[in-house]
Amino acid sequence: MEDISVNTKVLRVDPQNIDIDIIREAAEAIRRGGTVAFPTETVYGLGADTYNPEAVKKVFIAKRRPMDNPLIVHIHSMEQLYEIAVKVPPEAERLARRFWPGPMTLLLWKAERVPPEVTAGRPTVAVRMPAHPVALALIRESGVPIAAPSANLAGRPSPTTGEHVVRDLFGRVDVILDAGETVYGVESTIVDLTRDPPVLLRPGGLPVEEVERELGKRVEVPPFARGLGQADVALAPGMKYRHYAPLKRLVIVEGDYGDLRAYASKVIDVVRREAAKGVRPVVLCSSETAPYYEAQGIRYVELGPRGNIFIVARNLFKTFRLIDELPDVDAAFMEGFEERGLGLAVMNRARKASGFSIIRV
Ligand code: AMP
Ligand code: MG
């Protein structure tokens, strides 16, 4: 694969008090056909001018992303939606009114002017309006919709801080806008509205239950959206690649979360068996079960409370990155979570990051 060396400018911006000159500098890079990493409320994105195929190609090269994995077009107004999508159904307008700006991406029929590089040659386009003041200002000042996947090297955990982006993409992109930590920590929920019933292509920051409530109908949740098995490539091209993965071994230990004491003791059995083989393990666990590992002298990292899965989602990717940095650890054993609300996004990312290394206890 083609490699590159780019002069990267890192610009810090306070999301509470945005310096418009900094945004304009980044927007200028977009307009000139450059690449800009920017914060959104979900994870950091790596963007380029949607209408400039050469600029869009740079995004793929910077990330080492396979060219057949399409990007999401980020917009700041409903006018831009009608610029890039055609045959927009009333359901899209309804969801947009309710959840935009926010962590929801809609799959729609693409307009002629969206180049095939953005959609990997598909007739559909993924579009969302992000709820982050820096992202919205950048799109507005650029004057074009911004095509962007997550701002990580392909296969790595998605970046939730500017530092993560610097680590993956310094020397590979033109500008990195660093505005601190993102809010959700998992990517957007992708809903395919070119089908009826709509299909969930990826669970994310907006629970699919909320989409169903707003539409007043069922959204189909295929097994690949739960992170089980490989995707139907025709449906979700991006799903066929290994994703989100730490370099060290990651195993997901799933079970019955009704009796947490019993569940934790089964996880402890798994970890003890591994330790007997010479593996140095760490457990990624909930706040509720952490005391059981503590009591047994087993090393653990807390992801957050089961009672507030939002925190678990927020900590997930940075914990995957942390595993690689922990000394004297060979493998991580992550507890499973119930697939409700944000729990579905957490389990989708966890199962994929493990390379489908799942133990049921
Ligand atoms: P990322 O935000 O890095 O995960 O990248 C964007 C995701 O959007 C990819 O994983 C794709 O699977 C998905 N996506 C974008 N455009 C399309 C499309 N036209 N059809 C299906 N999935 C898409
Ligand atoms: Mg990604």
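A quick note: this is a predicted structure, and the numbers were derived from the prediction, not measured. All values below come from the heavy atoms of this structure, side chains included, with hydrogens, waters and symmetry mates left out. Ligands are counted one by one from 1 in listed order, and the atoms in each one are counted from 1 as well.
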Within a distance under 4.0 Å of any heavy atom of [X], pick out the atoms of ligand 1 and give their elements.
{"X": "I72", "value": "2 (O), 6 (C), 8 (O)"}
{"X": "L71", "value": "15 (C), 16 (N)"}
{"X": "S150", "value": "1 (P), 2 (O), 3 (O)"}
{"X": "P70", "value": "6 (C), 9 (C), 11 (C), 14 (N), 15 (C), 16 (N), 17 (C), 18 (C), 23 (C)"}
{"X": "L107", "value": "17 (C), 18 (C), 19 (N), 20 (N), 21 (C)"}

Test salt bridge (charged side-chain N to carboxylate O under 4.0 Å, His left out) applied to D178 and K9, R167, R12, the passing residue: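 Passing option: R12.
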
Would you say S158 has an N, O or S atom lying under 2.8 Å from the Mg ion (ligand 2)?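 Given the 2.8 Å cut-off, S158 does not count as a ligand of the Mg ion (ligand 2).
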
Quick one: does E187 get an N or O within less than 3.5 Å of an N or O on ligand 1?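 So ligand 1 has no N or O lying under 3.5 Å from an N or O of E187.
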
Hey, does T119 come in under 3.5 Å of ligand 1, counting only N/O atoms on both sides?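 The answer is no, given that T119 and ligand 1 share no N or O pair closer than 3.5 Å.
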
Indicate whether the side chain of [X] and that of [Y] have a donor and an acceptor atom separated by less than 3.5 Å.
{"X": "T42", "Y": "R128", "answer": "yes"}
{"X": "E302", "Y": "S287", "answer": "yes"}
{"X": "R261", "Y": "T289", "answer": "no"}
{"X": "T160", "Y": "E181", "answer": "no"}
{"X": "E335", "Y": "Y300", "answer": "no"}

Can you find a non-hydrogen atom of K110 under 4.0 Å from ligand 1?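 Outside the 4.0 Å threshold, so no.
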
Between I190 and ligand 1, find which residue part has any heavy-atom pair under 4.0 Å and reply side chain, backbone, both or neither.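 Looking at I190 and ligand 1, just side chain atoms fall under 4.0 Å.
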
Mind checking whether R128 contacts ligand 1 via backbone (N, CA, C, O), side chain (CB onward), both or neither, at a 4.0 Å heavy-atom cut-off?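 For R128, there is no contact with ligand 1 at all, from either part.
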
Only heavy atoms count here, so choose which of R122, R202, K63 is nearest to atom 7 (C) of ligand 1.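 Residue with the shortest heavy-atom distance to the ligand atom: R202.
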
From N69, V127, D68 - option closest to atom 10 (O) of ligand 1 by heavy atom: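 Minimum heavy-atom distance to atom 10 (O) of ligand 1 goes to N69.
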
Geometric class of the F38/H74 ring pair [parallel <30°, tilted 30-60°, perpendicular >60°]: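 Perpendicular, since the angle between the ring planes exceeds 60°.
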
Are Y257 and F337 an aromatic pair, judged by ring center distance below 6.0 Å?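 No, ring centres 6.0 Å or more apart.
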
Would you indicate whether E91, at its atom CD, is surrounded by more than 12 heavy atoms from other residues, nucleotides or ligands within a distance under 6.0 Å?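 More than 12 within 6.0 Å, yes.
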
